[in-house]
Participant: 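Structure in structure tokens, see below.
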Amino acid sequence: MALYLHGCLLKNIMKIQAKIDAWNREFEEFMILKNLSPRTIKTYGQILRYFLNDYQQHYAPKQLNDDVARAYLIRRYQQGLDWQTVNSDYSAIQKFFKNVLLKPWNVQKIPRPRKTKKLPSILSRQDIVKIIEHAGNIKQQCLLLMIYITGMRLSEAINVQITDVDSDRMQIRINKGKGSKDRMVLVPQVLIDVLRAYYKIIRPEKYLFNGTVKGQSLSPRSVQLMMSEAKKKAGIQKKGSIHTLRNCYATHHLENGTDLVYLQEQLGHNNLRTTIKYIGLCVERKRYIQHPIQTMPMVLHHQLALVSCSDSGGRDISASISLVSSTSS
């Protein structure tokens with residue numbers, strides 16, 4: 001009897017595993033047919049494998065339904081994961097339910113996580129110079145410089161091919177950026193000159209920046225390590241990843257007065273609101289902002305002058321605000 005039960009249990013496990021393998025395969029095929037980027041296919045595929053593994057451990061052979069998905073997403077939140085991670089989980093599982101299981105997705109029962117409004121990290125121009133100067137070698141220095149000058153995403157930068165650089169038009173072509181969209185990025189002459197010198201010294205093949213093997217692209221992880229090491233050697237303690245160079249590109253441009261629509265096109269943003277968020281990081285723009293109160297003469301009590309002058313380090317505030325010498329309260 002025990003052997004019979006063991007055999008039945010083993011048979012059920014194998015049956016469930018076969019079903020899960022089929023779901024994973026169908027989901028990957030769906031994403032390929034949808035022409036999603038290789039990176040998205042890899043990320044969503046991994047998310048689904050984690051989800052189905054959780055289902056197998058806690059719920060199988062019960063039916064896979066929206067209650068299972070809801071409980072899984074709640075647990076992910078309870079694990080302390082950030083919005084971006086849980087939102088990716090949500091998107092992948094939702095696509096799986098709607099396009100592989102062909103089941104409806106109840107947004108009232110499983111609402112999408114609300115986006116957290118966090119300002120991106122930013123570094124000063126002086127910090128950027130230090131980081132680039134402390135890069136490990138010529139290739140690393142040129143790569144970090146190119147990312148900062150163009151504002152490319154990491155995935156875009158490592159996939160730039162030699163033929164994508166148009167020195168005559170001073171442009172770099174980005175193939176299949178975010179959302180599988182191509183775009184042209186305008187670059188200054190200084191970058192063209194640097195890349196030309198880099199090419200003559202390094203002689204890369206196919207990709208502008210090769211990995212350990214000629215003709216192959218760099219891995220994202222290796223570029224993140226380049227940035228981390230350069231930042232460490234430069235003695236910079238502030239938070240900052242390779243994506244911070246993109247943030248700095250946008251912010252420093254805005255501080256110099258660059259047009260928002262131009263930046264939107266250069267960065268490959270679908271919506272101008274995504275570009276506008278960088279305004280909140282600008283320091284130079286704020287230094288030149290003149291508050292209306294500075295052009296509004298008014299009369300205030302003399303005691304306010306005494307307190308204000310002492311609090312402001314002795315600065316004379318009467319240039320914009322007239323103060324009476326009345327002693328009345």
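Heavy atoms only: backbone and side chains are in, while hydrogens, waters and symmetry mates are out.
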Participant: Quick check: closest heavy atoms across I202 and K214, and the distance to 0.1 Å?
Facilitator: O-NZ, 3.0 Å

Participant: Say you draw a straight line from CG of L245 to CD1 of I149; how long is it, rounded to the nearest 0.5 Å?
Facilitator: 11.0 Å

Participant: Within a radius of less than 6.0 Å around CZ of R169, do more than 12 heavy atoms belonging to other residues, nucleotides or ligands occur?
Facilitator: no

Participant: With hydrophobic residues grouped by side-chain heavy-atom distances under 4.5 Å, do I138 and L145 end up in a single group?
Facilitator: yes

Participant: Is there side-chain contact between D127 and K238, with at least one heavy-atom pair below 4.5 Å?
Facilitator: yes

Participant: For Q57, is the CD atom crowded, meaning more than 12 foreign heavy atoms sit under 6.0 Å from it?
Facilitator: yes

Participant: Can a donor-acceptor pair be found between the side chains of T150 and R246 at a distance below 3.5 Å?
Facilitator: no

Participant: Charged N to carboxylate O below 4.0 Å: is that the case for D67 and K109?
Facilitator: yes

Participant: Is atom CD of Q224 surrounded by more than 12 heavy atoms (other residues, nucleotides or ligands) closer than 6.0 Å?
Facilitator: yes

Participant: I'd like to check Y90 versus W83 (side-chain heavy atoms, cut-off strictly below 4.5 Å). Are they in contact?
Facilitator: no

Participant: With a sphere of 6.0 Å drawn around NZ of K103, does it hold more than 12 non-hydrogen atoms of other residues, nucleotides or ligands?
Facilitator: yes

Participant: Answer yes if the side chains of N270 and K181 hold a donor-acceptor pair under 3.5 Å, and no otherwise.
Facilitator: yes

Participant: I'd like to check the salt bridge (Lys or Arg N to Asp or Glu O under 4.0 Å) partners of D82; sequence neighbours left out, ordered by chain and number.
Facilitator: none

Participant: By side-chain hydrogen bond (donor to acceptor under 3.5 Å, both in side chains), which residues pair with D164, not counting sequence neighbours?
Facilitator: N175

Participant: Give a yes or no on this: more than 12 heavy atoms of other residues, nucleotides or ligands lie within 6.0 Å of atom CZ of R70.
Facilitator: no

Participant: Would one find more than 12 heavy atoms of other residues, nucleotides or ligands at under 6.0 Å from atom CD of E28?
Facilitator: no

Participant: Using a strict threshold of under 4.0 Å (side-chain N to carboxylate O), is an ion pair present between D166 and R173?
Facilitator: no

Participant: Are any of the side-chain heavy atoms of V187 and Q171 separated by less than 4.5 Å?
Facilitator: no

Participant: Verify whether one side chain among Q17 and D21 offers a donor that lies under 3.5 Å from an acceptor in the other.
Facilitator: yes

Participant: Between the side chains of R49 and N24, does any donor sit under 3.5 Å from an acceptor?
Facilitator: no

Participant: Would you say M226 ends up clustered with V129 if hydrophobic residues are merged whenever their side chains have heavy atoms under 4.5 Å apart, either directly or through other cluster members?
Facilitator: no

Participant: Side chains of T40 and S37: donor-acceptor distance under 3.5 Å anywhere?
Facilitator: yes

Participant: Is it the case that atom NZ in K19 sees more than 12 heavy atoms from other parts of the structure closer than 6.0 Å?
Facilitator: no

Participant: With a 6.0 Å cut-off (strictly less than), is the heavy-atom count around CG of L101, excluding the residue itself, greater than 12?
Facilitator: yes

Participant: So T244 and C248, do their side chains get closer than 4.5 Å, heavy atoms only?
Facilitator: yes

Participant: Testing the basics here: between K233 and G136, what is the closest heavy-atom pair and its distance to 0.1 Å?
Facilitator: NZ-CA, 4.2 Å

Participant: Who pairs with K98 by side-chain hydrogen bond (donor to acceptor under 3.5 Å, both in side chains), at least two apart in sequence or on another chain?
Facilitator: none

Participant: Can you list everything that forms a side-chain hydrogen bond (donor to acceptor under 3.5 Å, both in side chains) with Q126? Sequence neighbours excluded, please.
Facilitator: S124

Participant: According to the interplanar angle, ranging from 0 to 90°, do the rings of Y44 and F27 count as parallel (below 30°), tilted (30 to 60°) or perpendicular (above 60°)?
Facilitator: parallel

Participant: So, do I147 and R153 sit near enough that their side-chain heavy atoms are less than 4.5 Å apart?
Facilitator: no

Participant: What ring pair (Phe, Tyr, Trp, His ring centres under 6.0 Å) pairs are there with at least one residue in residues 141-172, not counting sequence neighbours?
Facilitator: Y148-H252

Participant: Identify whether Y262 and V185 are in the same connected component of the hydrophobic contact network (ILVMFWY, side-chain heavy atoms under 4.5 Å).
Facilitator: no

Participant: Please determine whether residues L263 and M152 belong to a single hydrophobic cluster, defined as Ile, Leu, Val, Met, Phe, Trp and Tyr linked transitively by side-chain heavy-atom distances below 4.5 Å.
Facilitator: no

Participant: Evaluate the side-chain proximity of M146 to I172: yes if any heavy-atom separation is below 4.5 Å, no if none is.
Facilitator: yes

Participant: Between Y55 and Y50, is the gap from one ring center to the other below 6.0 Å?
Facilitator: no

Participant: Is any side-chain N of the basic residue among E156 and R183 closer than 4.0 Å to the acidic one's carboxylate O?
Facilitator: yes

Participant: Is the shortest side-chain heavy-atom distance between Y207 and V160 below 4.5 Å?
Facilitator: no

Participant: Restricting to side-chain hydrogen bond (donor to acceptor under 3.5 Å, both in side chains), what partner residues turn up for H253, sequence neighbours left out?
Facilitator: T258

